[in-house]
Amino acid sequence: PAGAHHVAYDKLPDVLWDGSSRHARLVHELYPGEAAWDAQRVAISIGTAAELLLKHALARQSFHLLPDRYAVETALTLDDKGTMQDHLPQLTTVTGLVAFDRANAQCALQLNKKDFEPVFQVRNAAIHLGVASTRANEAAFKKMVLLTDRVFTHLGTEPSERVRYWGDEEAEKFVRAIVDEAVTEAKARYERLLRRAREDYQRLARSLADAGRAEVIKQFAEVPPTIDSATEEASPHQCPACQNMGWVVYEVHRGLPTVEYSEEDYGY
């Protein structure tokens, strides 16, 4: 979108946002892609729109998060120290899934990577093999919409900006319906799990005498769970099914150290 003009590093987030928006609008215009060529273009733009939006979120924090393996030419160019026309072919930034990992960690998106892999898989199949299908595009587009919504929520994007991103109010309503449907489905799954847990708990509790039930529950609740101290942590939490206090065990993923500069050199 920037054409042949040099883009200062502080304008890079805007360029990434505009590029993502253009691809998102194309997806909505051609979705799901009934013709073979349209399906391929939709697949390519689904992954590209998501990748550029993730990189937009990263660039708002620091352009240091964009280079792949911290390529020197890329870093210098993005830092406004190089010439875009000379170094553009050598710019190596992270791939879509790596950008997802970094944004997930840096922006605390709390998303499951496996759920969103189809967004980039359909793009890669369309680019590297020239194949695409409307069914795969439909599934990937839903994931792309959910990812976009989560990033916008993190960034605090205004409703008017969301409309501008998708092109018009009708397009934004279309994707908003997808988000609402996913929220409804998630709530229904949660209620089913909760109901099953309550039934299991009541069945187990019936075998305990009333006098000993509280003591048994207390023993379970007060004993900390066994955890892997290197990757896991435990936190007390009230169970929504039985209302007793228990433990939540979760994994902790640490990010890489940030890049620091000195007068003579730089490194991790």
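A quick note: this is a predicted structure, and the numbers were derived from the prediction, not measured.
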* Structure fact -> Taking every heavy atom of A126 against every heavy atom of A43, the minimum-distance pair comes out as CB-CB, 3.7 Å

* Asked: Taking S62 for the side chain and L65 for the main chain, is one N or O donor matched with an acceptor at less than 3.5 Å?
  -> no

* Asked: Heavy atoms, side chains only, cut-off 4.5 Å: are L194 and P240 in contact?
  -> yes

* Asked: Do L147 and L26 belong to the same hydrophobic cluster, where Ile, Leu, Val, Met, Phe, Trp and Tyr are linked whenever their side-chain heavy atoms lie under 4.5 Å apart, directly or via other members?
  -> yes

* To do: Using modelled atom types only, decide if a donor and an acceptor are shared between the side chain of R102 and the backbone of L58 within a distance under 3.5 Å.
  => no

* Asked: Would a hydrophobic clustering, with Ile, Leu, Val, Met, Phe, Trp and Tyr connected at side-chain separations under 4.5 Å, put I44 with V122?
  -> no

* Say whether, by atom type as modelled, one donor and one acceptor occur between the side chain of R150 and the main chain of L109 under 3.5 angstrom. => yes

* Structure fact -> Contacts satisfying salt bridge (charged side-chain N to carboxylate O under 4.0 Å, His left out) that involve residues 114-143 (not counting sequence neighbours) are E51-R123

* Output the distance between atom CG (L54) and atom CZ (F100), rounded to the nearest 0.5 Å. => 7.5 Å

* **Nearest-0.5 Å distance that lies between atom CD in Q40 and atom CG in L129** => 10.0 Å

* Straight-line distance of R41 CZ to N137 CG, nearest 0.5 Å -> 12.5 Å

* Asked: Rounded to the nearest 0.5 Å, what separation is found between the CG atom of L204 and the CG atom of D200?
  -> 6.5 Å

* Starting at NZ of K55, measure out to OG1 of T48 and round the result to the nearest 0.5 Å. => 9.5 Å

* **Distance-only donor-acceptor check, side chains Y250 and E233, under 3.5 Å** => yes

* Side chain proximity check, N104 to K113, heavy atoms < 4.5 angstrom -> no

* Indicate the atoms forming the closest heavy-atom contact of C107 with Q61, along with that distance. => SG-NE2, 3.6 Å

* Is it the case that N244 and Y201 place a side-chain donor and acceptor less than 3.5 Å from each other? -> yes

* To do: Say whether M245 and V249 are linked into one hydrophobic cluster, either directly or through other cluster members, by side-chain heavy-atom distances under 4.5 angstrom.
  => no

* Side chains of S21 and R25: donor-acceptor distance under 3.5 Å anywhere? -> yes

* Return the minimal non-hydrogen interatomic distance between R198 and A241, and the atom names on each side. => CG-O, 3.3 Å

* Asked: Which atom names give the shortest non-hydrogen contact between V145 and V175, and what distance separates them?
  -> CG1-O, 3.5 Å

* Minimum side-chain heavy-atom gap H56-L52 below 4.5 Å -> no

* To do: Answer whether the closest heavy-atom distance between the side chains of D38 and Y31 falls below 4.5 Å.
  => no

* Is any side-chain heavy atom of K187 less than 4.5 Å from a side-chain heavy atom of Y190? -> no

* To do: Spell out, yes or no, whether L66 and L97 are grouped together once hydrophobic residues are joined by side-chain heavy atoms under 4.5 Å, including indirect joins.
  => no

* Does a side-chain heavy-atom distance below 4.5 Å link V42 with F141? -> no

* salt bridge (charged side-chain N to carboxylate O under 4.0 Å, His left out) partners of residues 153-171, not counting sequence neighbours, each pair once -> D149-R162, E161-R164

* Closest heavy-atom contact between S20 and L53? -> OG-CB, 3.4 Å

* **Same apolar cluster (I L V M F W Y, side chains within < 4.5 Å links), V151/V15** => no

* When rounded to the nearest 0.5 angstrom, what is the spacing between OG1 in T226 and CH2 in W247? -> 11.5 Å

* Got D68 and T93 here, is their nearest side-chain heavy-atom distance under 4.5 Å? -> no

* Shortest non-hydrogen contact from F116 toward L146 -> CE2-CB, 4.2 Å

* Residues two or more places apart in sequence or in another chain: which of them pass ring-ring contact (aromatic ring centres under 6.0 Å, His included) with Y165? -> W17, F152

